[in-house]
Amino acid sequence: MAFYESPEVLTGAQRLIQRGIEFDEAADRQLASALRLDCLAWSALQFTGGPEAPSPTIAAALQGGVELLEVQFRQCNHTELIDLALVIWPRERPIHTLRRALYCAKCLKNYQRKRRPDLIGLRVRQNPDPTSPMK
């Protein structure tokens, strides 16, 4: 019997593989937790009137589990939650760059002007089922 075929070596290798998988999963959980805290810190900064830039990337928000962006249109006092998972925008771009692509459909209909929103902050999804954006 060759060395690489012995049951002891296979069992040891399987244990090492299992430990590697466990360490990878733990590292992924820690990274997601750090990204979540970064997103919530940016949201707190938005709440206190801080600057929009720099902001976390869309990918960081999604990986951190903070999937909703709350925006408010001051002109019509309309607030909207935007699902970042459904947004067609490069994931490596910062969240604050979305502002230039967003506008209020009500203001466009009523005033024929595209009015840009204020970014309120990132929110954690309460309901895990994704829904389509409102029109």
Novice: Side chain of Arg115, backbone of Ala105: donor and acceptor closer than 3.5 Å?
Specialist: no
Novice: Not counting sequence neighbours, which residues clear side-chain contact (heavy atoms from CB on, under 4.5 Å) with Ala41? List them please.
Specialist: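 Partners of Ala41 by the side-chain contact (heavy atoms from CB on, under 4.5 Å) criterion come out as none, since no residue qualifies.
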Novice: Hey, what do you get for CD (Glu67) to CD1 (Ile58), rounding to the nearest 0.5 Å?
Specialist: 13.0 Å
Novice: Do the side chains of Leu35 and Leu37 get nearer than 4.5 Å, heavy atoms only?
Specialist: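 Leu37 does not reach Leu35 side chain to side chain.
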Novice: How long is the span from the NZ atom in Lys106 to the CG atom in Asn77, to the nearest 0.5 Å?
Specialist: 9.5 Å
Novice: Could you tabulate the donor-acceptor pairs under 3.5 Å formed by side-chain atoms of residues 17-33, not counting sequence neighbours?
Specialist:
unit_1, atom_1, unit_2, atom_2, d
Gln18, NE2, Glu22, OE2, 3.4

Novice: Testing the basics here: between Thr48 and Leu45, what is the closest heavy-atom pair and its distance to 0.1 Å?
Specialist: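 In terms of heavy atoms, the two residues are closest at OG1-O, 3.0 Å.
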Novice: Is Ser55 reaching over with its side chain to a backbone N or O of Ile95, donor-acceptor style, under 3.5 angstrom?
Specialist: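 Yes; at least one donor-acceptor contact below 3.5 Å.
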Novice: Do Arg116 and Tyr103 come within less than 4.5 Å of each other through their side chains, counting heavy atoms only?
Specialist: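 Result yes, sub-4.5 Å side-chain heavy-atom pair found.
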Novice: Heavy atoms, side chains only, cut-off 4.5 Å: are Cys107 and Gln75 in contact?
Specialist: yes
Novice: Determine the minimum heavy-atom distance between Gln112 and Lys109, stating which atoms define it.
Specialist: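 Shortest heavy-atom contact: NE2-O, 3.1 Å.
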Novice: Any heavy-atom pair between the side chains of Thr97 and Trp89 that's under 4.5 Å?
Specialist: yes
Novice: Can you tell me if Arg93 uses its side chain to pair, donor with acceptor, with the backbone of Thr57 under 3.5 Å?
Specialist: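 No, Arg93 side chain to Thr57 backbone: no donor-acceptor pair under 3.5 Å.
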Novice: Is there a side-chain contact between Cys104 and Cys76, using heavy atoms and a 4.5 Å cut-off?
Specialist: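 Yes. Closest side-chain heavy atoms under 4.5 Å.
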Novice: When you group the ILVMFWY residues by side-chain heavy-atom contacts below 4.5 Å and let the links chain together, are Leu62 and Val71 in the same group?
Specialist: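 Yes, same cluster.
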Novice: Going through the checks in order, is the side-chain contact (heavy atoms from CB on, under 4.5 Å) test met by Arg99 and Asp118?
Specialist: CA-CA 8 Å; Arg99 185 177 190 275; Asp118 293 326; 3.8 Å; yes
Novice: For residues Asp83 and Leu68, determine if any side-chain heavy atom of one lies less than 4.5 Å from a side-chain heavy atom of the other.
Specialist: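 A side-chain contact under 4.5 Å exists here.
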Novice: Between Val66 and Leu84, is the side-chain contact (heavy atoms from CB on, under 4.5 Å) condition met? List the steps.
Specialist: CA-CA 9 Å; Val66 188; Leu84 294 175; over 6 Å; no
Novice: Is the shortest heavy-atom distance from the side chain of Leu122 to the side chain of Leu40 under 4.5 Å?
Specialist: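 No, their side chains stay 4.5 Å or more apart.
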Novice: Is there a path from Leu102 to Trp42 through hydrophobic residues (I, L, V, M, F, W, Y) whose side chains come within less than 4.5 Å of each other?
Specialist: yes
Novice: For a side-chain contact (heavy atoms from CB on, under 4.5 Å) check, start with the C-alpha distance between Val87 and Leu98, then their side-chain angles and the critical distance, and finish with the verdict.
Specialist: CA-CA 9 Å; Val87 170; Leu98 276 173; 3.6 Å; yes
Novice: Is there side-chain contact between Gln46 and Glu52, with at least one heavy-atom pair below 4.5 Å?
Specialist: yes
Novice: Check whether more than 12 heavy atoms from other residues, nucleotides or ligands sit under 6.0 Å from atom CZ of Arg74, and answer yes or no.
Specialist: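 Atom CZ in Arg74 is not crowded, with 12 or fewer foreign heavy atoms closer than 6.0 Å.
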Novice: Go through the steps for Leu119 and Leu69 under the test side-chain contact (heavy atoms from CB on, under 4.5 Å), then give the verdict.
Specialist: CA-CA 8 Å; Leu119 303 180; Leu69 174 64; 4.1 Å; yes
